Amino acid sequence: MPTPLTVSMFQATGDPANHPTATVTIPAGYKILCGGAQVSPPAGGRWGNFLTASYPPNIFAWTALAKDQDNPAATTITAYAIALNDPNDQYDVQIFTATSVPSSDTPTVSVSLPPGYRLVGGGAQANYGSAGQFLITSAPLADLSGWQASSRWHLHSDPGTVIAFAIGIRLRAGAASISTKLFHDTTANPQSRPEEDVGVGPGYSVIGGGASVSMGFATIGNLLTASYPKDLDGLVEWQVSSRDQDGNDPEIITAYAIGAMTGT
């Protein structure tokens, strides 16, 4: 009978800054499955920071970056990591990447896993010059074959690229099998500051998740401020949010959660 996959969650919060950053490092014996980022609410609720990156620099850490735009806003950012305890190295965990080409004001890219790997999570990193590129999508592909990432300019043109990170797991001899399933929920109506969360079905553990903003209703931009695992008294859900600024751009947002269970 399959049982829930046992994973642990770690987090670290950086210092307040106009371009806040945080990196969480997991303990020895653990391997990254996925991670996330959450920008703290702006003081006064008006100006804020937006996500520019939430990605694994390696299989032992997760990095989160954000920046303000035009209006200085010193906030903090928290990086989250969901990791598998694998002291006996029964699972091969690898990170696969793809970078968009050419540079664009609205770059997008996806990366697919090679044969033999199962998707457990992923991330995104926007690369820009000075004005900024901000994440609007960091989410699993619908068939769990890989990860997609998108970013966009806000108020000022700044062509750049975006990197998609897909984290795959492959079983070694003697390891318990893993089955995964994608869950998602979308806000019912466009909002200036949409929020959504999604859980997983009975028997599943949340091992990863992502977010995507629609960008279908206006042109100002509604930019990601959070996509992270939220622990609600031991029940983990994936929480996402975004917001507009310096103009009205109500959009819908989708939260994704990857659930996993193990067998023998």
Side-chain angles (χ1 to χ4, degrees), residues 14 18-23 34-40 42 48-57 62-69 73 75-80 97-100 103-111 121-141 146-167 184 186-187 192-196 208-216 219-229 238-246 249 251-256:
N18 291 345
H19 295 185
T21 179
T23 295
C34 194
Q38 179 189 22
V39 178
S40 63
N49 275 276
F50 305 99
L51 295 182
T52 61
S54 178
Y55 71 101
W62 196 272
T63 293
L65 304 170
K67 75 179 292 288
D68 53 15
Q69 185 72 329
T75 63
T76 63
I77 191 171
T78 300
Y80 298 81
T97 66
T99 303
S100 63
S103 294
S104 168
D105 273 332
T106 55
T108 184
V109 70
S110 62
V111 57
Q125 178 184 14
N127 304 307
Y128 54 90
S130 57
Q133 281 278 336
F134 303 92
L135 297 182
I136 57 173
T137 296
S138 179
L141 297 176
W147 202 264
Q148 57 186 330
S150 301
S151 62
R152 61 164 286 143
W153 65 290
H154 182 61
L155 302 178
H156 310 288
S157 175
D158 189 3
T161 62
V162 66
I163 304 173
F165 298 76
I167 304 174
H184 60 88
T186 302
T187 50
S192 289
R193 299 184 180 185
E195 297 181 354
E196 188 58 90
S212 183
V213 186
S214 62
M215 290 297 101
T219 58
I220 290 294
N222 199 298
L223 313 172
L224 285 176
T225 56
S227 178
Y228 70 102
W238 203 268
Q239 179 80 39
V240 304
S241 63
S242 63
R243 66 191 299 261
D244 55 16
Q245 183 170 286
D246 296 303
D249 188 357
E251 301 286 348
I252 61 174
I253 193 171
T254 300
Y256 300 87

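Residue numbers start at 1 and run along the sequence shown. This structure is a prediction, so every number in the text was calculated from the model and none was measured.
- Shortest non-hydrogen contact noted between W62 and C34 is CZ3-C, 3.7 Å.
- Smallest separation of non-hydrogen atoms from W147 and S138: NE1-OG, 3.0 Å.
- Between D68 and H19, some side-chain heavy-atom pair lies under the 4.5 Å cut-off.
- In this structure a side-chain-to-backbone donor-acceptor pair under 3.5 Å is missing from H154 to L223.
- Looking at every heavy atom in both residues, T108 comes nearest to S100 through O-CB, 3.5 Å.
- Partners of A64 under the side-chain contact (heavy atoms from CB on, under 4.5 Å) rule, at least two apart in sequence or in another chain, are A37, I77, A79.
- Separation of atoms OG1 (T75) and CZ (F50) is listed at 10.0 Å; rounding is to 0.5 Å.
- Not counting sequence neighbours, the partners of T76 by the side-chain hydrogen bond (donor to acceptor under 3.5 Å, both in side chains) test are S40.
- Residues passing the side-chain contact (heavy atoms from CB on, under 4.5 Å) test with T137, sequence neighbours excluded: A139, Q148, S150, S212.
- Partners of Y80 by side-chain hydrogen bond (donor to acceptor under 3.5 Å, both in side chains), not counting sequence neighbours, listed by chain and number: Q38.
- T106 and W153 share no donor-acceptor pair across their side chains, judged by distance under 3.5 Å alone.
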Can I get a per-line list of side-chain donor-acceptor pairs under 3.5 Å for residues 122-134, giving both atom names and the distance, sequence neighbours left out?
from	atom 1	to	atom 2	distance (Å)
N127	ND2	T161	OG1	3.1
Q133	OE1	S151	OG	2.9
Q133	OE1	R152	N	3.1
Q133	NE2	S104	O	3.2
Q133	NE2	D105	O	3.2
Q133	NE2	D158	O	3.0

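- In this structure, the separation between CZ on R193 and CD on Q245 is 8.0 Å, given to the nearest 0.5 Å.
- At distances below 3.5 Å, not a single donor-acceptor pair connects side-chain atoms of Q239 with backbone N or O atoms of A226.
- T187 pairs by the side-chain hydrogen bond (donor to acceptor under 3.5 Å, both in side chains) definition with nothing, not counting sequence neighbours.
- Nearest heavy-atom pair across T99 and V109 is C-CG2, 3.9 Å.
- Between G14 and A22 the shortest heavy-atom distance is N-CB, 3.6 Å.
- Taking 4.5 Å as the limit, some side-chain heavy atom of Y55 sits within range of a side-chain heavy atom of T63.
- Of all non-hydrogen atoms in L141 and V111, the two that sit nearest each other are CD1-O, 4.4 Å.
- Contacts of S242 classified as side-chain contact (heavy atoms from CB on, under 4.5 Å), with partners at least two apart in sequence or in another chain: P194, V213, N222, L224, I253.
- Contacts of T52 classified as side-chain hydrogen bond (donor to acceptor under 3.5 Å, both in side chains), with partners at least two apart in sequence or in another chain: none.
- No side-chain donor-acceptor contact under 3.5 Å links S103 to the backbone of P159.
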